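Quick notes on the structure that follows.
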Amino acid sequence: MHDESDAPPGARKRRRPELTPVQRALGLLVRRDHSRKELGRKLVARGIEPELAQAAVDKLTSEGWQDDERFAEFLVRNRANGGYGPRHIQAELGTHGLDSDAISAAMDSYEGDFLDNARDLVRRRFGEEGPQDLPQRRKAADLLARRGFDGDTIRRATRFDAED
């Protein structure tokens with residue numbers, strides 16, 4: 001068995017220097033966008049003092065590395081493409097500490113169609129023809145409601161009328 005003490009001098013693994021709060025925050029941001037609130041929370045969870053975490057987040061925000069608007073737009077696209085409706089997405093944005101104006105702006109930036117997304121989700125679950133009877137329609141409606149779609153979208157997505 002090979003022991004580190006048997007290794008010649010200089011061959012031992014060097015300890016990496018402790019990362020600064022800004023470096024740790026940047027490490028998180030290069031993986032994916034984070035909201036200010038989420039980034040601060042993650043830094044504190046990694047043992048960084050709240051004041052230092054906030055200072056790091058402020059610095060990266062001022063330098064353009066962290067941007068709540070960009071984060072919100074990404075989250076809207078990601079969740080909508082994942083089959084979630086506007087109510088779910090708005091609620092999730094609220095958990096990230098975004099105000100109502102920022103949430104509205106992010107929702108407005110979405111170029112997709114939530115009705116098309118709802119119909120696609122129903123087709124994936126119930127086949128191309130959609131739900132065929134009342135129990136299937138109820139199941140489809142329940143699915144869409146759990147995913148955060150509004151009543152009008154649910155009705156339109158589960159009916160599959162030719163004129164829609």
Side-chain angles (χ1 to χ4, degrees), residues 1-125 140 142-154 157:
M1 185 162 278
H2 186 67
D3 187 3
E4 252 185 55
S5 60
D6 296 338
R12 290 183 185 175
K13 285 188 177 183
R14 290 186 178 166
R15 283 188 84 136
R16 282 194 264 166
E18 188 68 28
L19 297 176
T20 68
V22 171
Q23 290 170 326
R24 293 186 87 171
L26 194 54
L28 292 167
L29 287 172
V30 297
R31 290 179 186 89
R32 72 166 177 86
D33 273 329
H34 290 70
S35 66
R36 288 179 60 86
K37 181 178 179 180
E38 178 184 31
L39 189 57
R41 181 184 52 75
K42 284 187 172 186
L43 290 173
V44 170
R46 285 166 171 74
I48 296 173
E49 295 296 321
E51 302 79 30
L52 295 174
Q54 188 59 50
V57 172
D58 290 344
K59 178 176 175 55
L60 291 175
T61 299
S62 71
E63 293 178 0
W65 289 97
Q66 190 285 324
D67 184 337
D68 272 348
E69 183 179 323
R70 184 178 60 224
F71 165 78
E73 290 174 1
F74 164 79
L75 191 136
V76 169
R77 276 191 316 275
N78 185 280
R79 296 301 185 262
N81 292 336
Y84 289 94
R87 289 182 175 170
H88 174 93
I89 296 168
Q90 289 168 333
E92 186 172 350
L93 286 169
T95 67
H96 286 278
L98 302 174
D99 63 29
S100 61
D101 291 339
I103 292 172
S104 292
M107 295 301 292
D108 291 344
S109 75
Y110 179 61
E111 295 177 355
D113 183 342
F114 283 108
L115 176 58
D116 288 344
N117 293 355
R119 285 183 172 156
D120 287 345
L121 184 59
V122 170
R123 282 188 189 104
R124 284 196 309 266
R125 294 287 172 95
D142 288 346
L143 168 68
L144 295 175
R146 283 191 312 273
R147 290 294 189 110
F149 290 94
D150 62 58
D152 183 55
T153 301
I154 291 170

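These numbers were taken from a predicted model, which means no experiment stands behind them. Numbering of residues begins at 1 and proceeds along the displayed sequence.
- Shortest non-hydrogen contact noted between Ile89 and Tyr84 is CD1-O, 3.7 Å.
- What you find for Ala56 and Leu43 is that their closest heavy atoms are CB-CD1, 4.3 Å.
- Considering every non-hydrogen atom in both Glu38 and Phe71, the closest pair reads OE1-CE1, 3.8 Å.
- Arg77 places no side-chain N or O within 3.5 Å of a backbone atom of Gly112 that could act as its donor or acceptor partner.
- In this structure, the separation between NZ on Lys42 and CG on Leu28 is 6.0 Å, given to the nearest 0.5 Å.
- Considering every non-hydrogen atom in both Ala72 and Leu98, the closest pair reads CB-CD1, 3.8 Å.
- Side chain of Arg31 to backbone of Gly27: a donor-acceptor contact under 3.5 angstrom is found.
- Residues Phe149 and Phe114 come closest through the heavy atom pair CE2-O, 3.4 Å.
- Rounding to the nearest 0.5 Å places CZ of Arg79 at 6.0 Å from NE2 of His88.
- Between the side chain of Arg119 and the main chain of Leu115, no donor-acceptor pair closer than 3.5 Å is present.
- Between Asp120 and Arg123, the closest side-chain pair of non-hydrogen atoms falls below 4.5 Å.
- We find the CG-CE distance between Leu75 and Met107 to be 9.5 Å, quoted to the nearest 0.5 Å.
- For the residue pair Glu73 and Ser109, the shortest heavy atom distance occurs at CG-OG, 3.3 Å.
- At a threshold of 4.5 Å between non-hydrogen side-chain atoms, the residues Leu144 and Thr153 do not count as touching.
- Using modelled atom types, one side-chain atom of Asp68 and one backbone atom of Arg36 make a donor-acceptor pair closer than 3.5 Å.
- A heavy-atom distance below 4.5 Å is not found between the side chains of Arg41 and His96.
- One distance of note links OG of Ser100 with CG of Leu93; it measures 11.5 Å at 0.5 Å rounding.
- No side-chain heavy atom of Trp65 sits under 4.5 Å from any side-chain heavy atom of Leu39.
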Assess whether side-chain contact (heavy atoms from CB on, under 4.5 Å) is satisfied between Arg146 and Leu143, documenting all intermediate values.
CA-CA 5 Å; Arg146 283 191 312 273; Leu143 168 68; 3.8 Å; yes
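- More than 12 heavy atoms of other residues, nucleotides or ligands lie within 6.0 Å of CD in Glu63, so this atom counts as buried by the packing criterion.
- When side chains are defined from C-beta on, Val22 counts as touching Leu60, because their heavy atoms get closer than 4.5 Å.
- Side-chain N or O atoms of Gln54 include none that pairs as donor or acceptor with a backbone N or O of Gly40 at under 3.5 Å.
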